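Read the structure below first, then the notes.
Predicted model only: the values in this text are computed from it and were never measured. Whatever order the structure lists them in is the order used to number ligands and atoms, beginning at 1.
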Amino acid sequence: MVTYSTELASAENAERAEVLELHSIDRDSVIELRRGFFSDPPSLPSKYFYDQAGSVLFDEICELDEYYPTRTEASIMGASVDAMVDAIGPAGRLIEYGSGSSLKTRLLLEHVHADVTYVPVDISSDYLTEVAEGLRLEFPRRRIAPIAADFTRPFQLPSSGAGRARDVVYFPGSTIGNFRPSFAATLLSQMRNQVGTGGGLLIGFDLQKDSAVLEAAYDDRRGITALFNLNLLRHLNRVAGGDFDLDSYRHVALYNDRDHRIEMYLESCREQTVTLAGHTRTLSKSHRILTELSHKYTIDGFTEMAAASGWQREQIWTDANEYFAVGMFRS
Ligand code: TRP
């Protein structure tokens with residue numbers, strides 16, 4: 001006799017076996033992938049951009065004439081690092097969300113108060129360990145305390161112990177803009193709760209500007225951004241049982257005026273059938289798969305969103321063109 005619970009157990013085992021076959025990604029990620037791709041309009045999670053090839057391509061994007069955010073943010077930081085370091089103060093910890101290679105942090109690490117502990121937070125624990133080892137060699141006196149965590153989910157910071165020391169979250173790169181406003185607000189609140197009253201937030205965000213400048217930044221002449229977008233399909237073919245034919249999609253980047261955001265798509269060049277994570281669907285000709293959003297703010301608009309999450313604006317730094325902004329907020 002098959003009882004209800006054994007039926008359940010075998011269904012679970014079947015699912016587990018299926019997930020094991022797609023060995024490289026966890027069960028939650030399989031569910032997330034299916035939820036996005038098998039609905040309409042289809043979407044794919046942007047976290048799959050950053051495999052090794054994708055990380056190399058993204059570094060190339062940052063060097064493109066058209067892609068202004070990285071270099072503009074770096075120049076803002078360079079021009080005002082002393083004021084930023086003052087605003088951070090002798091903080092207990094400088095906590096970087098999504099630290100990756102910690103490239104942008106080097107400037108701050110060279111200048112911040114000697115007692116500040118650097119806490120890089122990144123989802124990839126192997127990479128995090130490697131980067132932390134490199135930083136320890138480069139900054140032998142600096143305390144470095146990495147945390148392997150997915151910052152899009154609540155995670156625990158070890159208690160600071162130091163009593164009155166202040167924690168400051170660092171979130172560069174306008175990564176906040178890659179989330180929908182409701183989730184961006186959730187993240188800002190999570191940061192606020194982590195640092196508590198009196199804590200700080202140093203954050204980079206991209207500003208609204210001429211749509212031709214924006215569209216060029218996300219659709220460069222050399223086609224590097226197109227390769228970066230398409231690489232997401234190659235990555236999913238490898239880790240999630242996808243059979244995307246890379247030649248039959250084209251990169252599309254559009255500025256959405258109403259929602260003030262760049263929308264990145266992969267557009268199907270013909271009618272085709274695709275399998276991903278064990279399921280199959282049809283895409284018609286010109287069907288678009290959403291792969292990324294990049295929201296653009298006004299300084300006032302961003303300040304309001306931060307205020308609603310418990311952050312008071314302390315100072316904003318920007319460039320001469322007002323293309324990008326770095327803000328210091330206090331909770
Ligand atoms: N955070 C970057 C941004 O929004 C990410 C990015 C740049 C990106 N170019 C891209 C993401 C192209 C997908 C495709 O500016």
Residues, nucleotides or ligands: over 12 heavy atoms within 6.0 Å of Arg180 CZ: no

Arg34 (side chain) donor-acceptor with Leu276 (main chain) under 3.5 angstrom: no

Glu66 side chain to Tyr68 side chain, donor-acceptor N/O pair below 3.5 angstrom: no

Shortest protein heavy-atom distance from atom 2 (C) of ligand 1, along with the residue and atom involved: Tyr67 OH, 3.4 Å

Shortest protein contact, atom 1 (N) of ligand 1 (heavy atom only): Asn178 OD1, 2.8 Å

Nearest-contact summary for atom 14 (C) of ligand 1 - protein heavy atom, Å: Met264 CE, 3.2 Å

Contacting atoms of ligand 1, where contact means under 4.0 angstrom from a heavy atom of Glu292: 11 (C), 13 (C)

Tyr50 N/O under 3.5 Å from ligand 1 N/O: no

Residue list, side chain to side chain contact (heavy atoms under 4.5 Å, CB included) with Pro181, at least two apart or on another chain: His295

Ionic contact status for Arg234 with Asp51, cut-off 4.0 Å: no

Residue and atom name of the nearest protein heavy atom (relative to atom 4 (O) of ligand 1), distance in Å to one decimal: Ser294 OG, 2.6 Å

Note: Asp257-Lys296 ion pair, threshold 4.0 Å (strictly below): no

Interfacing atoms of ligand 1 (cut-off 4.0 Å, heavy-atom, Phe49): 13 (C)

Geometric class of the Phe58/Phe228 ring pair [parallel <30°, tilted 30-60°, perpendicular >60°]: tilted

For Thr225, atoms of ligand 1 separated by under 4.0 Å from a heavy atom: 12 (C)

Protein contact of atom 6 (C) of ligand 1 - nearest heavy atom, named by residue and atom, plus distance: Phe58 CE1, 3.7 Å

Atom 8 (C) of ligand 1 - nearest protein heavy atom and its distance: Phe228 CE2, 4.0 Å

